[in-house]
Amino acid sequence: MTSTLQRGGAPCSSEAESPGKNTTEAVRRPGRWLALSVLVLAVLLVAVDATVLGLATPYISEDLKPSGTQLLWIGDVYSFVIAGLLVTMGSLGDRVGRKRVLLGGAAAFGAVSVLNAFATGPGTMIAARALLGVAGATLMPATLALIRNLFHDPRERSLAVGIWGATASAGTAVGPIAGGFLLQHFWWGSVFLINLPVMAVLVVVGIRTLPESRNPDPGPWDLPGVVLSLAGVIGVVYAVKETAAHGIAWAPLVSGALGAAALYAFVRRQLTSPAPLLDVRLFRDRGFSAAVLADLLTVLGLSGLVFFLSQYLQLVQGRPPFEAGLAELPAAVGAVAAGLVAGRAARRFSVRAVVSGGLAAVGLALAVLTTLDRSTGYPLLGAALLVVGVGAGFSFTVTADVILSSVPKEQAGAASAVSETAYELGAALGIALLGSIVTGVYRGFPAPAGTPAAARESLGGALEATAHMPAAAAQQALTAARDAFVDGLTLAAGTGAAVLLATAAASWFLLRGQHLETRD
């Protein structure tokens with residue numbers, strides 16, 4: 001692989017110049033670790049944004065007064081849009097340059113964060129979150145694809161992927177802690193503005209340090225394929241969400257049918273296209289397919305806990321935002337530690353042992369959380385979160401490595417997009433399904449006469465609505481609402497535990513014989 005200088009002095013690693021060449025310089029690219037530090041800033045940007053939203057949800061509920069359904073849309077429309085666009089953005093990066101797409105997306109992410117911060121109503125907030133999803137879809141596929149092209153030594157790549165995953169986990173800790181501090185001293189919109197300095201550093205430093213890379217022969221852009229993939233994913237996810245929330249109805253059934261038809265047409269088109277957006281033949285590789293499926297189901301099982309845990313800590317247990325953020329720290333610490341050693345563990349034992357063992361640990365920790373009540377002490381919760389973090393850190397890091405090593409570097413963007421699509425689709429479906437469980441149980445709480453209807457929309461709404469009731473009635477309503485919320489949360493945790501344990505068993509069989517590379 002030949003190195004040239006791009007504008008700004010960054011070394012270029014375009015596969016177009018000398019694909020397949022494997023020199024010592026290519027394997028040990030100078031400046032690769034500094035370039036990695038820029039990539040992980042993009043991961044940090046996305047992780048922080050995802051976690052601060054959960055912490056800010058009670059304040060958004062109080063200020064914007066969304067309905068229960070609108071609150072779920074605020075939580076998951078970001079993931080819906082990302083899931084629909086990841087394949088498109090991954091393919092775009094393969095075509096026009098991953099560095100260009102990454103830096104452009106980061107700049108847009110920062111700008112749209114300002115719109116989120118100053119949203120004036122639920123509709124505006126949902127639209128701003130959707131636009132943030134468009135920008136966010138450019139970031140994750142580009143970061144993993146660039147790692148695939150920066151690190152040609154498999155052991156170094158495993159460590160780089162581990163650092164990538166550990167940074168995402170660290171973001172889940174930085175987000176609540178920084179967000180908690182901001183929420184105690186400023187208005188809720190300030191939690192979105194913390195994206196701006198990270199974005200600025202990423203763009204300025206990335207211009208000079210990141211190498212450009214792209215597919216040397218990508219073929220023409222498949223616009224009909226873009227439309228089919230977007231319509232298919234969003235149609236199916238919308239149908240699942242609405243059915244879970246409101247039961248079977250014509251609108252979601254039609255949406256699901258149209259979405260499934262669009263996905264079928266997308267797959268047929270990709271199989272016959274000489275330059276597909278996504279080479280669906282990648283799924284013939286059992287290790288690739290198993291890793292993608294494991295990611296999707298793992299995130300699905302965890303999403304209910306992740307989205308509602310901050311509300312439990314603040315609105316049920318009465319912790320201030322900063323303390324609630326610190327309370328979630330063990331999960332991030334465990335994930336960081338596990339992610340840094342996951343590649344070594346998978347080579348010493350086996351891929352399936354590390355992935356299945358990690359998922360089983362997460363499932364058992366979620367099962368423990370089914371015992372939560374309003375007065376549960378922190379030692380039990382903190383220990384369970386630590387186990388969740390360790391298990392997820394092992395699993396996600398190894399599956400990402402499997403996915404990257406299963407494809408040629410020219411298709412790294414598309415493969416990374418598949419991985420991230422599974423992650424975001426799992427998050428969207430998890431919030432829709434498990435979130436609907438929590439919401440459904442909550443809405444049935446026994447409220448005293450005179451309780452406003454808004455109290456049944458969300459727990460944050462109950463706190464606001466009961467402020468104008470007589471003290472005794474308000475206390476009775478809030479106690480019943482908190483009990484119902486906890487009942488819904490524990491039911492969601494139990495459902496997530498079942499999903500994780502089933503995924504662990506399936507991974508043990510599907511990842512049989514799978515190994516991480518020792519040579520490129």
Under 3.5 Å donor-acceptor pairs involving side-chain atoms of residues 388-395, not counting sequence neighbours:
none

Review item, side-chain donor-acceptor pairs of residues 348-365, under 3.5 Å, at least two apart:
residue	atom	partner	partner atom	Å
S350	OG	A353	N	3.1
R352	NH1	W508	O	2.9
S356	OG	R352	O	3.0
S356	OG	A504	O	3.1
S356	OG	W508	N	3.0

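In this structure, the side chain of R512 engages the main chain of F509 through a donor-acceptor pair within 3.5 Å. Looking only at distances, no side-chain donor or acceptor of T138 sits under 3.5 Å from a matching main-chain atom of V134. The backbone N or O of L491 sits less than 3.5 Å from a side-chain atom of T495, completing a donor-acceptor pair. Checking side-chain atoms of Y312 against main-chain N and O of V486 turns up no donor-acceptor pair under 3.5 Å.
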Working note: L369 + L489, criterion side chain to side chain contact (heavy atoms under 4.5 Å, CB included); need CA distance, chi angles, decisive distance, verdict.
CA-CA 9 Å; L369 292 179; L489 180 61; over 6 Å; no
Before you tell me yes or no, could you show the steps for V387 and V368 under side chain to side chain contact (heavy atoms under 4.5 Å, CB included), namely the whole-Å CA-CA distance, both residues' side-chain angles and the distance that decides it to 0.1 Å?
CA-CA 11 Å; V387 174; V368 169; over 6 Å; no
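Between L366 and L302 the shortest side-chain heavy-atom distance falls below 4.5 Å. Contact of the L380 side chain with the T371 side chain is registered, since non-hydrogen atoms from C-beta on lie closer than 4.5 Å. Contact check for V499 versus T503: side-chain heavy atoms found under the 4.5 Å cut-off. For the pair L385/L309, a side-chain contact is recorded, criterion being any heavy-atom separation below 4.5 Å from C-beta on. Side-chain atoms of L132 and V81, non-hydrogen and from C-beta on, never get closer than 4.5 Å to each other.
Put simply, OH on Y378 and CG on L326 are 8.0 Å apart, with the number rounded to the nearest 0.5 Å. Distance CG/L228 to CD/Q270: 8.5 Å, rounded to 0.5 Å. With values rounded to the nearest 0.5 angstrom, D373 atom CG is found 3.5 Å from T376 atom OG1.
The two residues V236 and G256 have their closest heavy-atom pair at CG2-O, 4.1 Å. For the residue pair A135 and G105, the shortest heavy atom distance occurs at CB-O, 3.9 Å. Considering all non-hydrogen atoms of both residues, T490 and D487 come closest at OG1-O, 2.9 Å. Contact between L434 and L300 at its shortest, heavy atoms only, is CD1-O, 3.3 Å. When every heavy atom of L511 is checked against every heavy atom of G287, the shortest pair comes out as CD2-O, 4.1 Å. Listed here is the closest heavy atom pair of G382 and P330: O-CB, 3.6 Å.
Taking T370 as the reference, nothing meets the side chain to side chain donor-acceptor pair (under 3.5 Å) condition, with sequence neighbours excluded. For the salt bridge (Lys or Arg N to Asp or Glu O under 4.0 Å) test, residues two or more places apart in sequence or in another chain that qualify with R269 are D222.
For residues 251-276, there are no ring-ring contact (aromatic ring centres under 6.0 Å, His included) pairs, not counting sequence neighbours. Annotation: side chain to side chain donor-acceptor pair (under 3.5 Å) contacts involving residues 286-295, sequence neighbours excluded, comprise D295-T399.
The aromatic ring centroids of F283 and F288 lie less than 6.0 Å from each other.
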